[in-house]
Protein chains: 2
Amino acid sequence: MAAWAERLAGVRGVLLDISGVLYDSGAGGGAAIAGSVDAVARRPHSSVCAEHTLICVFVPRLKRSPLKVRFCTNESQKSRRELVGLLQRLGFDISEGEVTAPAPATCQILKERGLRPHLLIHDGVRSEFDDIDMSNPNCVVIADAGDSFSYKNMNRAFQVLMELENPVLISLGKGRYYKETSGLMLDVGGYMKALEYACGIEAEVVGKPSPEFFKSALQAIGLEAHQAVMIGDDIVGDVGGAQKCGMRALQVRTGKFRSNLGTMVKLRMSLPIVYRKQLF
Amino acid sequence: MAAWAERLAGVRGVLLDISGVLYDSGAGGGAAIAGSVDAVARRPHSSVCAEHTLICVFVPRLKRSPLKVRFCTNESQKSRRELVGLLQRLGFDISEGEVTAPAPATCQILKERGLRPHLLIHDGVRSEFDDIDMSNPNCVVIADAGDSFSYKNMNRAFQVLMELENPVLISLGKGRYYKETSGLMLDVGGYMKALEYACGIEAEVVGKPSPEFFKSALQAIGLEAHQAVMIGDDIVGDVGGAQKCGMRALQVRTGKFRSNLGTMVKLRMSLPIVYRKQLF
């Protein structure tokens, strides 16, 4: 307990990943991860909590605590409105204004740089791009497009890039995979790598682990990196990215977490991570 | 002319790429590249040849010359039988036994190592795997699957790999793209990179630029590397791969060749290449 208090000394806020930490997406909208609704809630903790774990004792009901909370997600299949609506239906205390997500951040970049995107995205997030000029594309934006990652659509994105003198590829996150209720699912990262390789270019990543993305989430709650802890299930996007920004980080053992250390060794990563079997 | 003769001194055989050199694939089977049928043929050169270029003068009618010829392709959408049938219909003097292709080479490896593949391939090449045990897969084989590179199929291949303790991914070639009559098309390489990244593994490549593949093609015509020249349109798979094996190489300016040096610089490659606007 003392060790935990020491590790978290001076923390004034929490950045919370959503998918794999609060809920697993999937058929019918997905399912809340046990204990997570209570963990975020403003209301007092239920006296009987089957999933009550050590961390519940000192990080109970985030929104009832003095800690500032920001939801920091790479979700790019849904608009913020759709995502927040879904989480609210699952019982979470969350509003659209509390969410930092890559699609709105991308739109800001597109406008600032006069970029007109060819979109390879999921229909669920298309509404975020409603006021973006998409005529005569001079860049490609990809997100977790799910079934829209057909060969035809990938080839079209490739051809657009190959026709540009200075090809710009923006990727909403670079996750390797995520967990749905039905199992592990390929995320946008692999498709980003495919286009990078085929076109001989390097993508610009908007979303975790981009430092700019973490900084914008911290800015939204008025904190410095050393005052915040990132809680996520992705060793690269959440934990590694946050640590590179000077934040502390906790990796949950829900979501895409796998105890396959062999895979981690292959990724050649060695990060000081705090694991919790189940955080909440 | 003297410089050419010097560069090609001691050459006793030619490895010829097929797609982009002899023909461009596409709707209706594709189209022969101008001059290529004559260049391979045993019969004398037509006295009137609109595409007659410098190299015709000293590499006329390969099969009429004393040079040994082997067709060395990464074609993985078609079985050798289908490919040779198509080329014969286009007028080429070619037989199945003259072709080194990745699918048969992969089958040999699968048998030698007791590997049972989950296949993510084009239906056109499936017959090459007819006598391979595919029960309870312990590896994944990908090839240029074209429209079969759906999200669902990619995700299934990903899941098979993630379920294996020692995931083995075999890729038939690692081309970035190729040219069809309708334009540039994504090749298997990008999809290989996607699975490598998502699973944190490295694929084994069967086909060009793998040295084993070139060596098997050379072995088939009984030549050493220094006695042969590779002719292809791919700077990495054909030219770079052959040079690494000790062969000489010519890059044609047909097929996927692009004069976009910017892209090459991005690929950070600097190889001593001989370009021909049109080889034949």
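Protein chains get the first letters and strands the later ones, always in sequence-line order, with residue 1 at the start of each. Side chains are part of it too, since the values below use all heavy atoms of this structure and drop only hydrogens, waters and symmetry mates. Keep in mind it's a predicted model, so treat the numbers as computed, not measured.
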Query - Aromatic ring pairing A:F158/B:Y177, orientation class (parallel under 30°, perpendicular over 60°, tilted between) - result: tilted
Query raised in the report: Which heavy atom of A:A194 sits nearest a heavy atom of B:G190, and at what distance?
Result: CB-O, 3.2 Å
**Report entry** Any donor-acceptor N/O pair, B:N155 side chain to A:L186 backbone, under 3.5 Å
**Finding:** yes
Query raised in the report: Roughly how far, to the nearest 0.5 Å, is CG of A:D147 from NZ of B:K152?
Result: 9.0 Å
Query raised in the report: Hey, what do you get for CG (B:N153) to OG (A:S150), rounding to the nearest 0.5 Å?
Result: 12.0 Å
Query - A:R126, CZ atom: more than 12 neighbouring heavy atoms under 6.0 Å - result: yes
Report task. Verify, without hydrogens or angle tests, whether B:Y197 (side chain) and A:K174 (backbone) share a donor-acceptor contact under 3.5 angstrom. Result -> yes
Report task. Spell out, as yes or no, whether a donor-acceptor pair under 3.5 Å connects the side chain of A:Y151 to the backbone of B:A145. Result -> no
